[in-house]
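See structure below.
These figures come from a predicted structure and were not determined experimentally. The sequence lines fix the lettering, A, B, ..., with proteins before strands; numbering per chain opens at 1.
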Protein chains: 2
Amino acid sequence: MTRADRPTIRDVARAAGVSKGTVSFALNGRPGVSEDTRERILAAARDLGWTPSTKARALSVSRSFAVGLVLAREPELLGADPFFPSFIAGVERTLSDRGQALVLQVVPESEEEAGYRRLAGAGRVDGVFLLDLRVDDPRMALLEELGMPAVSIARPDVPSGFPAVLVDDRPGIAAAVEHLAGLGHRRIAHVAGPAHFLHGSRRRRAFEDALAEAGLPAGPVVEADFSAAGGAAATRRLLDSDVTAIVYSNDLMAIAGLSVAVECGRAVPAELSVTGFDNTDLAGYVSPALTSVRTDPYLWGRKAAEALLDLIDGGTVDDVPVPAAQLVIRASTAPPPPQ
Amino acid sequence: MTRADRPTIRDVARAAGVSKGTVSFALNGRPGVSEDTRERILAAARDLGWTPSTKARALSVSRSFAVGLVLAREPELLGADPFFPSFIAGVERTLSDRGQALVLQVVPESEEEAGYRRLAGAGRVDGVFLLDLRVDDPRMALLEELGMPAVSIARPDVPSGFPAVLVDDRPGIAAAVEHLAGLGHRRIAHVAGPAHFLHGSRRRRAFEDALAEAGLPAGPVVEADFSAAGGAAATRRLLDSDVTAIVYSNDLMAIAGLSVAVECGRAVPAELSVTGFDNTDLAGYVSPALTSVRTDPYLWGRKAAEALLDLIDGGTVDDVPVPAAQLVIRASTAPPPPQ
DNA sequence: CGGAGTTACTAAACCGGTTTGATCGAAACA
DNA sequence: TGTTTCGATCAAACCGGTTTAGTAACTCCG
């Protein structure tokens with residue numbers, strides 16, 4: 001019943017008739033071991049079913065072979081966000097190839113700093129991902145202080161010393177506005193995410209710029225919180241105005257908004273056009289199907305993990321470009337009603 | 001710039017004028033250290049800002065101080081599922097209190113076994129959570145073979161030797177059926193999840209039992225895959241039949257189904273009643289607002305983590321009861337149209 | 001006053017790897 | 001043939017904790 005203890009490098013050494021050190025060299029493919037011996041050692045290791053102990057390696061080389069991700073969002077908001085699962089799946093894709101693990105930490109917002117400090121203090125991870133960047137994000141300085149390598153998703157406003165995956169939401173928002181303008185809309189509103197989030201404020205900014213670019217007057221902007229409730233409330237306020245289209249900062253708010261519009265007797269898209277952002281699984285299956293901006297968090301995750309591991313391995317890492325988001329046109333957008 | 005190396009237990013020992021061993025005893029609150037000395041040591045540790053090295057502790061006590069979660073779902077399905085983020089948040093709640101970390105692994109379905117083996121082989125985790133139980137789940141035997149402690153969410157069909165958090169979906173489904181029956185519905189359909197998933201087949205079974213219990217004839221059941229696309233397709237098939245209500249196995253399919261019904265000109269709830277499962281954030285903000293079953297994955301996560309840690313600490317752990325799910329009645333259910 | 005038991009502590013081994021410094025034998029060179 | 005050089009190998013130290021065995025001093029008891 002009790003399985004035999006796992007073989008250690010010492011057992012392999014004994015079996016191959018060499019010393020521990022030689023085994024270590026052989027297994028790590030380092031020079032100074034004869035081809036003959038190397039093969040004998042590898043065979044012995046295979047026969048014994050030897051696997052390196054991460055614990056021992058971690059201690060001797062002062063590495064954790066793991067990277068961390070701290071999430072300070074409320075669980076409810078997380079639940080509705082399609083970003084994380086895909087992002088994490090992408091991260092894993094890279095990590096598992098390179099023998100690393102992902103340590104996840106979900107904390108209340110008030111304990112965010114403590115979360116990073118715990119991870120660093122206990123030496124649990126060799127680096128972290130920086131998500132949900134905020135304006136004047138205090139985490140940059142914190143990580144610098146902790147001496148913790150990091151890769152951010154999207155480039156922060158102030159140069160951070162950390163490489164970033166150059167996620168840029170602006171082309172997606174711009175495409176949505178252009179699409180609406182092209183359909184003939186002139187009074188377009190925006191339901192924004194919280195301004196203290198970089199992606200919240202940048203999408204808003206992109207919206208404003210795109211309106212100007214299209215030669216349209218500035219439209220109303222309502223700040224919401226990326227939640228369904230927030231999207232619904234914001235929409236209610238906008239329905240009083242005379243806008244003919246609303247660009248939402250994410251799909252969740254857009255879908256909630258869509259329902260509010262319908263309940264208020266506004267036909268979508270005949271009387272009101274609506275666009276989302278994220279292109280969630282559900283976007284194509286609401287009624288009318290939601291025009292949205294497709295992003296690729298899986299790819300971002302892969303790239304971010306590659307960059308982070310390279311950084312940890314001591315390389316200098318440049319910012320990582322990624323393809324721009326694409327507008328997916330569905331049934332929720334149409335020409336505005338003839339005035 | 002280069003921060004001073006972190007102090008080790010040796011530095012603390014030196015500062016307090018005692019041996020390493022004594023420091024270890026003092027810090028772990030073990031007997032055999034005078035009150036005087038203990039305080040001196042604690043003070044020294046505090047002054048030096050000492051933090052135990054997880055790496056070193058892990059090696060010497062053969063523990064990882066981490067638990068694992070392997071997800072073999074497709075990223076798209078994960079993205080839409082509100083379960084994980086909440087569950088993980090609950091898990092973290094317990095883990096962080098007890099100084100443990102969560103190692104996440106997202107793998108393609110084909111590599112599920114490899115995922116567990118990697119985690120076990122490298123000694124990354126001391127135990128794992130078992131989610132998305134399947135009928136005849138091979139992971140039970142695998143984990144037994146690996147000697148890896150585990151806690152499952154929901155009780156498997158065959159006794160597994162692992163404790164389970166007794167999540168039971170049946171009362172929720174039963175409540176939905178009773179609610180519909182009480183409204184006067186007699187022909188009720190079910191859109192089920194994949195039958196090889198325990199929660200898929202159990203919800204279906206609960207549906208069938210509840211119909212019988214209510215004295216209603218068996219209704220049509222369509223098996224789908226928990227996705228929006230699947231829910232939409234299943235709904236299309238059911239609209240041809242003469243059912244007046246559909247009980248969905250999750251909210252995502254229900255919301256997609258709702259849209260299909262509307263697009264086919266069936267008024268909800270006037271002509272067709274619809275219920276979901278999960279009570280996602282969005283449920284209350286679609287039109288009509290979705291009657292759904294509220295579950296509590298955050299609590300499950302907390303309980304599961306407690307059980308797992310207790311199990312790892314060598315305790316014998318019983319199955320953990322949790323409160324039954326509650327039906328949340330909203331606007332998507334109403335009496336059937338007068339025939 | 002001597003032996004047993006207890007308390008507080010130290011020194012050293014240990015966990016399983018990596019890494020350094022020393023050693024040894026054979027080939028290369030003068 | 002003696003010396004040098006080099007590749008292959010080994011023994012031992014090290015990472016930073018925990019744990020065990022051993023010891024010195026101190027108390028208790030007859």
Side-chain angles (χ1 to χ4, degrees), chain A residues 4-42 44-45 48-66 99-100 120-124 126 313-314, chain B residues 4-42 44-45 48-66 99-100 120-124 126 313-314:
Chain A
D5 277 350
R6 285 178 34 197
T8 74
I9 202 171
R10 198 194 173 93
D11 300 321
V12 177
R14 203 169 292 147
V18 295
S19 73
K20 273 172 58 177
T22 305
V23 174
S24 177
F25 278 7
L27 292 166
N28 291 310
R30 309 226 297 199
V33 184
S34 72
E35 202 44 49
D36 212 36
T37 313
R38 186 184 303 277
E39 269 165 28
R40 200 152 30 91
I41 292 174
L42 292 179
L48 272 67
W50 177 84
T51 333
S53 152
T54 307
K55 299 193 224 317
R57 252 155 53 84
L59 180 59
S60 64
V61 303
S62 304
R63 281 275 221 96
S64 305
F65 303 107
Q100 313 280 317
R124 287 261 189 203
D126 302 323
D313 285 344
Chain B
D5 277 351
R6 284 178 36 197
T8 76
I9 203 171
R10 199 194 172 93
D11 300 321
V12 177
R14 202 170 291 148
V18 295
S19 72
K20 271 171 61 176
T22 305
V23 173
S24 178
F25 279 7
L27 291 167
N28 292 309
R30 310 226 298 200
V33 183
S34 72
E35 202 43 48
D36 213 36
T37 313
R38 185 184 305 276
E39 270 165 26
R40 201 152 29 92
I41 292 174
L42 293 179
L48 273 67
W50 177 85
T51 333
S53 152
T54 306
K55 300 194 224 313
R57 252 155 52 87
L59 180 59
S60 65
V61 302
S62 304
R63 282 277 220 93
S64 305
F65 304 106
Q100 313 280 317
R124 287 259 190 206
D126 303 323
D313 285 345

In whole Å, I'd like the distance from the [atom1] atom of [X] to the [atom2] atom of [N].
X: B:Arg6; N: D:dC15; atom1: CZ; atom2: P; result: 14 Å
X: A:Lys55; N: C:dT18; atom1: NZ; atom2: P; result: 15 Å
X: B:Arg10; N: C:dT10; atom1: CZ; atom2: C1'; result: 14 Å
X: A:Arg14; N: C:dG16; atom1: CZ; atom2: C1'; result: 13 Å
X: A:Ile9; N: C:dC15; atom1: CD1; atom2: P; result: 14 Å
X: B:Asp36; N: C:dT7; atom1: CG; atom2: P; result: 17 Å
X: B:Arg40; N: C:dC9; atom1: CZ; atom2: C1'; result: 11 Å

Donor-acceptor pair, side chain of A:Arg30 and main chain of A:Phe25, under 3.5 angstrom: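 Pair absent, no side-chain N/O of A:Arg30 close to backbone of A:Phe25.
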Please answer whether the main-chain N or O of A:Pro31 pairs with a side-chain N or O of A:Arg38 as donor and acceptor at a distance below 3.5 Å.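 No, because the side chain of A:Arg38 does not come within donor-acceptor range (under 3.5 Å) of the backbone of A:Pro31.
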Using a strict threshold of under 4.0 Å (side-chain N to carboxylate O), is an ion pair present between B:Arg6 and B:Asp11?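 The answer is no: the pair does not qualify as a salt bridge.
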If you only use heavy atoms from C-beta on, which nucleotide in D:dT9, D:dG17, C:dG17 is closest to the side chain of A:Val33?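 The answer is D:dT9, which lies nearest to the side chain.
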Side chain of B:Thr37 only, heavy atoms from C-beta on: which candidate in C:dG16, C:dA8, D:dT18 is closest?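 Nearest to the side-chain atoms of B:Thr37, counting from C-beta on, is C:dA8.
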So, for [X] and [Y], which heavy atoms are closest and what is the spacing to 0.1 Å?
X: B:Ile41; Y: B:Ala26; answer: CD1-CB, 3.7 Å
X: B:Trp50; Y: B:Ile9; answer: NE1-N, 3.4 Å
X: B:Arg124; Y: B:Ser64; answer: O-CB, 3.1 Å

Quick check: on DNA chain C, is the nucleotide nearest B:Leu59 upstream (toward 5') of the one nearest B:Glu35, or the reverse? Name the residue that is more 5'.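 Of the two residues, B:Glu35 wins.
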Using a cut-off of strictly less than 4.0 Å, decide whether A:Arg57 has a side-chain nitrogen or oxygen near OP1 or OP2 of C:dT18.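 Answer yes for this pair, as a side-chain N or O of A:Arg57 is under 4.0 Å from OP1 or OP2.
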Would you say B:Trp50 reaches D:dG16's phosphate, i.e. side-chain N/O to OP1/OP2 under 4.0 Å?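 No, B:Trp50 has no side-chain N/O under 4.0 Å of OP1/OP2 on D:dG16.
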Indicate, with a heavy-atom threshold strictly under 4.0 Å, whether B:Thr54 touches base, sugar-phosphate, or nothing.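 No contact.
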Minimum side-chain heavy-atom gap A:Arg14-A:Thr8 below 4.5 Å: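 Side chain of A:Arg14 against side chain of A:Thr8, heavy atoms only: no contact under 4.5 Å found.
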Identify, between A:Ser34 and B:Pro52, the residue whose nearest nucleotide on DNA chain D lies closer to the 5' end.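 On the 5' side of the pair lies A:Ser34.
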For DNA chain C, which residues in residues 16-32 of chain A have a heavy atom at a distance below 4.0 Å?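 Output list: A:Lys20, A:Gly21, A:Ser24, A:Phe25, A:Asn28, A:Arg30.
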